[in-house]
Amino acid sequence: MSSIQTFFLFLFAFSGLGFVVWLVVVARLMSTSLVEIEERLDDQKVFSLNIFLAVQGVLQYGTVFMSNRHAKRFGLFEKRELIDAKTQKTYKLMLVSFLLLMCGLFSSALIEY
């Protein structure tokens, strides 16, 4: 096995393991701050009933906190100030880490073919 193949195998394993850890963090957020954010921003509606919907919620709110354009698109531009800065940073970090993990996972899998 060449060194480039070893590198991409390591990248694939790291990204896969990182995604599992990311899902555990989403489960933790689902039980703590995600319900609070949904209640404040979406008028007392709770959508994160299972882990799949919680993943979608974490990515959506990360996008809302990161981008003014998306916040206006979802109608949450003024409401997002109701959430404290630390929680907003957490969701931004979750969005960026998800994107990096998926780029690593798919690029390492596609490079072999």
Side-chain angles (χ1 to χ4, degrees):
M1 188 181 307
S2 70
S3 62
I4 193 76
Q5 288 175 329
T6 305
F7 170 74
F8 283 115
L9 182 64
F10 174 75
L11 181 62
F12 183 77
F14 176 77
S15 298
L17 182 63
F19 182 68
V20 171
V21 170
W22 189 87
L23 283 175
V24 170
V25 174
V26 167
R28 176 71 177 142
L29 288 174
M30 188 172 90
S31 65
T32 57
S33 66
L34 186 58
V35 174
E36 174 190 341
I37 289 174
E38 288 175 336
E39 288 175 349
R40 285 187 182 180
L41 297 183
D42 287 327
D43 301 324
Q44 302 295 328
K45 297 176 188 168
V46 176
F47 299 108
S48 60
L49 302 174
N50 57 30
I51 190 70
F52 300 110
L53 295 174
V55 166
Q56 188 271 336
V58 167
L59 296 176
Q60 176 185 348
Y61 293 123
T63 305
V64 165
F65 295 143
M66 189 171 284
S67 169
N68 291 338
R69 186 175 73 91
H70 280 63
K72 289 176 186 175
R73 179 180 175 201
F74 290 120
L76 301 174
F77 186 71
E78 292 83 17
K79 289 183 179 181
R80 70 181 181 169
E81 300 304 322
L82 298 172
I83 308 300
D84 62 305
K86 183 180 177 185
T87 305
Q88 287 188 16
K89 284 182 184 180
T90 302
Y91 281 82
K92 290 177 187 178
L93 179 66
M94 291 296 288
L95 175 66
V96 170
S97 63
F98 176 81
L99 293 174
L100 289 175
L101 287 170
M102 289 301 108
C103 285
L105 190 67
F106 290 125
S107 66
S108 64
L110 291 176
I111 205 72
E112 289 297 320
Y113 298 106

Taking atom CZ as the centre, does F74 end up with more than 12 heavy-atom neighbours from other residues, nucleotides or ligands that are less than 6.0 angstrom away?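 Counting neighbours around CZ of F74, more than 12 heavy atoms of other residues, nucleotides or ligands fall under 6.0 Å, so yes.
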
Over 12 non-hydrogen atoms of neighbours within 6.0 angstrom of CZ in F47: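 Result for CZ/F47: enclosed.
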
The side-chain contact (heavy atoms from CB on, under 4.5 Å) partners of V25 (sequence neighbours excluded) come to L29, M94

Heavy-atom pair with the smallest gap, counting every atom of [X] and [Y]:
X   : Y   : answer
L59 : T63 : O-OG1, 2.8 Å
I37 : T87 : CD1-CG2, 3.7 Å
R80 : A71 : NH1-CB, 3.8 Å
V96 : M66 : CG2-CE, 3.6 Å

Would you please test L34 and Y61 for side chain to side chain contact (heavy atoms under 4.5 Å, CB included) and show each step? CA-CA 9 Å; L34 186 58; Y61 293 123; 3.8 Å; yes

Keeping the roles fixed (side chain from Q88, backbone from F65), state whether a donor-acceptor pair exists under 3.5 Å.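 Absent.
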
Side-chain donor or acceptor of R40 paired with backbone N/O of L82 under 3.5 Å: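 Checking the backbone N and O of L82 against the side chain of R40, a donor-acceptor pair under 3.5 Å is found.
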
Which residue pairs pass the salt bridge (charged side-chain N to carboxylate O under 4.0 Å, His left out) test with at least one member in residues 64-79, sequence neighbours excluded?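 Sorted pair list: D43-K79.
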
Hydrophobic cluster identity match, [X] and [Y], side-chain contacts under 4.5 Å:
X    : Y    : value
L53  : V64  : no
F14  : L93  : no
V26  : M102 : yes
L105 : L23  : yes
Y91  : F52  : yes

Within this structure, what is the [atom1]-[atom2] distance for the pair [X] and [Y], rounded to the nearest 0.5 Å?
X    : Y   : atom1 : atom2 : result
S107 : F8  : OG    : CZ    : 6.5 Å
L100 : L95 : CG    : CG    : 9.5 Å
S48  : Q60 : OG    : CD    : 11.0 Å
N68  : L76 : CG    : CG    : 12.0 Å

For the residue pair F98 and F19, categorise the inter-ring angle as parallel (less than 30°), tilted (30 to 60°) or perpendicular (more than 60°).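 If you compare the ring of F98 with that of F19, the planes turn out tilted.
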
Under the side-chain hydrogen bond (donor to acceptor under 3.5 Å, both in side chains) definition, can you give me all pairs with a residue in residues 7-28, not counting sequence neighbours? W22-S97

